[in-house]
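As structure tokens, the structure follows; a few thoughts come after it.
All heavy atoms count here, side chains included; hydrogens, waters and symmetry mates do not. For clarity, every value in this text was computed on a predicted model and none was experimentally measured. The sequence lines fix the lettering, A, B, ..., with proteins before strands; numbering per chain opens at 1.
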Amino acid sequence: MLDRKFIVSHAEAVKENCLRRGATCDIDRLVRLEAERAERLQAAQELNRLANEVSQSIGKATDDADRQSRIAKGRELREQKEAAQKAHDELDAEITDLIRHLPNMTHPDAPLGGEDDAVEVAVGKTAVRKFDFKPKDHLELGQLHDLFDFEAGARVAGAGFYFLKNAAVRLDLALQHFAVTFLSDRGFTPVTTPDLALTEILHGTGFMPRGPETQIYSIENTELNLVATAEITLGGMMAGQTLDSAEMPLRLCGLSHCFRTEAGAAGRASKGLYRVHQFTKVEMFAFTTPEQSDAVHEEMRSLECELFDTLGVPYRVIDTAAGDLGGPAYRKYDLEAWMPGRGDSGQWGEVTSTSNCTDYQARRLNIRSKSAGQKGTQFVHTLNGTAIATGRAMIAVLENYQNADGSITVPEVLRPLMGTDLLVPRAS
RNA sequence: GGAUGGGUGGCCGAGCGGUUUAAGGCACCGGUCUUGAAAACCGGCGUAGUCGAAAGGCUACCGUGGGUUCAAAUCCCACCCCAUCCGCCA
């Protein structure tokens, strides 16, 4: 959520930003409503002040008649105050609703345009491999090694759910373990998080459950929702808190399941594990001061690179264009891994994403920071970044590390965790 | 899930319809004193909104949300959380 005063004082910039990000909002109307709200607020406060004065004078009334007349005056003032307050509250609700739909401002260096205008800013250390055989996709490899059961997943929970089996389970755990260990060693406090969160927390992080196009599963008759990412719970962890600036940046890495309805995604390239309703993810999250957030964003990007370099998976990094940013993001980098089995002859597929949300989430979640010896507080900045989403990482590993005979070499860093160097196809 | 007791400023803790401007203490910050420190004494000590050029006002906030009243930390209702005991349970 943007700051009201900021919107009013930078109306043109906000308008332009909305245009760039493909959001529609009548900023002029918003500015008018806000001016009117401020007037009503002042009126209500003034009436309340007068009413308080009268109330306080009642104890000093000299006789009963005097007392009764003061009570009558007080009652009248309270009624007027209530009316003014109600007018204010209605405007306030309307304004909040409008503001809630405004996207964050955009980093000046973020590319302009939409989905196709992302700029490639780096490539990984691992070269895209030239196969001297026709590489299989992860589903074919899964068949050879008995790794997945999508049919059973569909029987149990519907299309988009799946069972991992055999080496896939060990690979899933190994990837989680690798990511958690890697980040723990680099100053991130590992946490496991709830897989459900209150609607209010979803709103605070910029997710909109219960809309027609929602990506979120909700639990009927409750305020609970299955989380789409640990970003929700990690951000919510500090909701309403005031953090000590000296302790920041506060770095966390959270392990959670992620649930997504993928509404509207039908028909898009989504074979196998690529686009599913549930997966497991190790997520980085940071609370920083405003001064720190750009640097921490670069740090997260470089950690994501290091993770995939260490895994030996080829990837490229793209700087997402303004029109393709989600609401809360000020800037976003995606890592796209090379997936040899995707499309006709391999394609890049998004495996991680890191966003600097500046104070957009912190304002809704009311997360502030305070410096010793300084008066007042400020909203913190929040950042998130995927370390490893095991489903998509698994696709990249399986497809890139396959051999002509159908066996799969285990990436070196995962060997101690998997207990083997090579996955051999089951006897058919 | 049942019973009981609780949720008040950074912390402890009083207040239980209007002399509260939330007492008092601890912690913290500034000062006096001191060679320095401690002690003692004096002063300060929350967050947000709002008005003001500033000084400084004003408004809201005593777990949360409603209600009663001219007036609520205080009375009423609902809910949440914590503690202890019991039950259940991985």
Taking N or O atoms only and anything under 3.5 Å, show me the protein contacts with nucleotides 17-19 of chain B, one pair per line.
unit_1	atom_1	unit_2	atom_2	d
G18(B)	O6	R67(A)	NH2	2.9
G18(B)	N2	S55(A)	O	2.7

- Message: Which residues in residues 30-43 of chain A have a heavy atom closer than 4.0 Å to any atom of RNA chain B?
- Response: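 L41(A), Q42(A), in order of number.
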- Message: With ring pair (Phe, Tyr, Trp, His ring centres under 6.0 Å) as the rule and sequence neighbours excluded, what pairs involving residues 290-313 of chain A come up?
- Response: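 Found H297(A)-Y333(A).
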- Listed once per pair and sorted, the ring pair (Phe, Tyr, Trp, His ring centres under 6.0 Å) pairs that draw on residues 356-402 of chain A, sequence neighbours left out: none
- Item | Touch class at under 4.0 angstrom, heavy-atom based, for T242(A) against every strand present |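 Counting heavy atoms under 4.0 Å across all strands, no contact is made by T242(A).
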Donor-acceptor contacts under 3.5 Å from residues 200-209 of chain A side chains, at least two apart:
unit_1	atom_1	unit_2	atom_2	d
T205(A)	OG1	I201(A)	O	2.5
T205(A)	OG1	L202(A)	O	3.2

- Contacts of F6(A) that satisfy ring-ring contact (aromatic ring centres under 6.0 Å, His included) - sequence neighbours left out: H10(A)
- Of all residues at least two apart in sequence or in a different chain, which pass the ring-ring contact (aromatic ring centres under 6.0 Å, His included) check with H107(A)?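 H107(A) satisfies ring-ring contact (aromatic ring centres under 6.0 Å, His included) with Y330(A) only.
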Kindly give the atom pairs (protein nitrogen or oxygen, nucleotide nitrogen or oxygen) under 3.5 Å for nucleotides 54-61 of chain B.
unit_1	atom_1	unit_2	atom_2	d
U59(B)	OP1	N52(A)	ND2	3.4
U59(B)	O3'	N48(A)	ND2	2.7
A60(B)	OP1	N48(A)	ND2	2.8

Review item, side-chain donor-acceptor pairs of residues 150-161 of chain A, under 3.5 Å, at least two apart:
none

- Message: For the C1' atoms, the ones on U35(B) and on C45(B), what distance do you get once it is rounded to whole angstrom?
- Response: 31 Å
- Within the structure, does a side-chain N or O atom of K370(A) lie under 4.0 Å from either OP1 or OP2 of U47(B)? yes
- Item | Any pair counted as side chain to side chain donor-acceptor pair (under 3.5 Å), so long as it reaches residues 411-424 of chain A, sequence neighbours left out | none
- Task: Taking salt bridge (charged side-chain N to carboxylate O under 4.0 Å, His left out) as the test, write out the residues that go with K15(A), two or more places apart.
- Result: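 Counting only residues at least two positions away or on another chain, K15(A) forms a salt bridge (charged side-chain N to carboxylate O under 4.0 Å, His left out) with E12(A), D28(A).
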- List for me each residue that meets salt bridge (charged side-chain N to carboxylate O under 4.0 Å, His left out) alongside K370(A), sequence neighbours excluded, and say none if there are none. none
